[in-house]
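Some notes on the structure that comes next.
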Amino acid sequence: MRSGQRRSPGTGNSRAAFCIGAVVSLLFVVQAAADDAPARKAGLWEIKTTIGGHAVTVKQCIDAATDQMLQSSTGPLSAQACPSRQVSKSDSGFTIESRCSFNGKPASARAVVTGSFDSAYTMTVTAEGKDLPAARMTMEGKWLGACAADQKPGDVIMSNGVKVNVPDLQKRALAPDAATQSDK
């Protein structure tokens, strides 16, 4: 903002709310795409997610069970939020057209997935809806090889090197008293 310009009341908050809403609606579609996607090859994957020009890259160590868990990270909400879904398969991948409801307002989304779940794939999701800005997200996955000796299935390595294990986090979330008692 230039010196002397005034910000409209609520502009920053409104923009943030719109962006959050757009990202949430995209996550519903990502979940729908994960439900229809074949399993990825076991091993270490690099996943670059780009939303609105901002990219985040993580590495995921997976096996069959953790692959499904990591691709379905948005949980069971999509079936409720996006009850209408059409999947069209082609030689190069598949397309998913979804009709959703976000905060009681209609939204639509389209996910196009191309490539191979054995080596490299791209998923591009576009979404729009009433009172939501159009949003676009691209996820690019690349198989890097076997997981390292110090990695186990479910490990997600953030761009800053921090490693978390998703199944362990879920176990702790489901049994919060277990972590407290093990500390005693």
Side-chain angles (χ1 to χ4, degrees), residues 1 7-8 10-38 40 44-62 66-82 84-88 92-117 119-144 154-164 166 169-170:
M1 188 177 302
R7 175 184 244 170
S8 300
T11 301
N13 292 340
S14 297
R15 238 182 244 136
F18 281 139
C19 290
I20 290 168
V23 168
V24 168
S25 64
L26 285 172
L27 289 175
F28 288 136
V29 177
V30 170
Q31 167 62 31
D35 290 344
D36 291 304
R40 293 180 293 173
L44 187 63
W45 284 82
E46 180 178 78
I47 309 298
K48 179 181 175 184
T49 303
T50 306
I51 301 174
H54 301 284
V56 174
T57 301
V58 299
K59 293 179 181 171
Q60 299 175 346
C61 174
I62 63 162
T66 55
D67 178 42
Q68 182 61 34
M69 179 186 302
L70 290 169
Q71 289 196 55
S72 300
S73 62
T74 58
L77 298 175
S78 67
Q80 297 164 0
C82 302
S84 174
R85 179 171 70 188
Q86 291 182 316
V87 180
S88 306
S92 62
F94 55 96
T95 301
I96 301 167
E97 302 282 349
S98 301
R99 300 281 175 240
C100 309
S101 176
F102 180 70
N103 284 339
K105 297 177 181 170
S108 63
R110 182 173 206 242
V112 178
V113 184
T114 58
S116 167
F117 287 93
S119 58
Y121 66 90
T122 300
M123 176 170 47
T124 303
V125 181
T126 54
E128 62 185 11
K130 184 173 170 75
D131 297 332
L132 289 175
R136 180 181 172 99
M137 177 181 72
T138 301
M139 293 178 72
E140 299 171 284
K142 180 171 71 171
W143 190 74
L144 301 177
D155 280 352
V156 175
I157 302 95
M158 309 298 174
S159 58
N160 64 0
V162 172
K163 178 171 62 174
V164 295
V166 175
L169 288 175
Q170 286 186 337

- Note on the structure: Nearest heavy-atom approach of Y121 to R40 is OH-NH1, 3.4 Å

- Query: Which residues pass the side chain to side chain contact (heavy atoms under 4.5 Å, CB included) test with L169, sequence neighbours left out?
  - Reply: V164, R172

- Can you name the side chain to side chain contact (heavy atoms under 4.5 Å, CB included) partners of T95, sequence neighbours left out? E97, R110, V112

- Exceeds 12 heavy-atom contacts within 6.0 angstrom, atom NZ of K163: yes

- Message: If the condition is side chain to side chain contact (heavy atoms under 4.5 Å, CB included), which residues does A55 pass it with, not counting sequence neighbours?
- Response: K48, T50

- Taking the side chain from D155 and the backbone from C61, do they hold a donor-acceptor pair closer than 3.5 Å? no

- Take V166 and V156, measure what side-chain contact (heavy atoms from CB on, under 4.5 Å) needs, and give me the verdict at the end. CA-CA 7 Å; V166 175; V156 175; 3.8 Å; yes

- Note on the structure: Exactly one of R136, E140, M139 clears side-chain contact (heavy atoms from CB on, under 4.5 Å) with T124, and that residue is R136

- Task: Look up atom CD in Q86 and atom CD1 in I96, then write down how far apart they are to the nearest 0.5 Å.
- Result: 11.5 Å

- Query: Who passes side-chain hydrogen bond (donor to acceptor under 3.5 Å, both in side chains) against K105, sequence neighbours left out?
  - Reply: D131

- On a heavy-atom basis, the closest approach of W45 and F117 is CZ2-O, 3.3 Å

- CD (E46) and CD (Q60) are apart, to the nearest 0.5 Å, by 10.5 Å

- Rounding to 0.5 Å, atoms NZ (K59) and NZ (K142) come to a distance of 9.0 Å

- Message: Please enumerate all residues that pass side-chain hydrogen bond (donor to acceptor under 3.5 Å, both in side chains) together with S88, with sequence neighbours excluded.
- Response: none

- Nearest heavy-atom approach of S98 to R85 is OG-CG, 4.0 Å

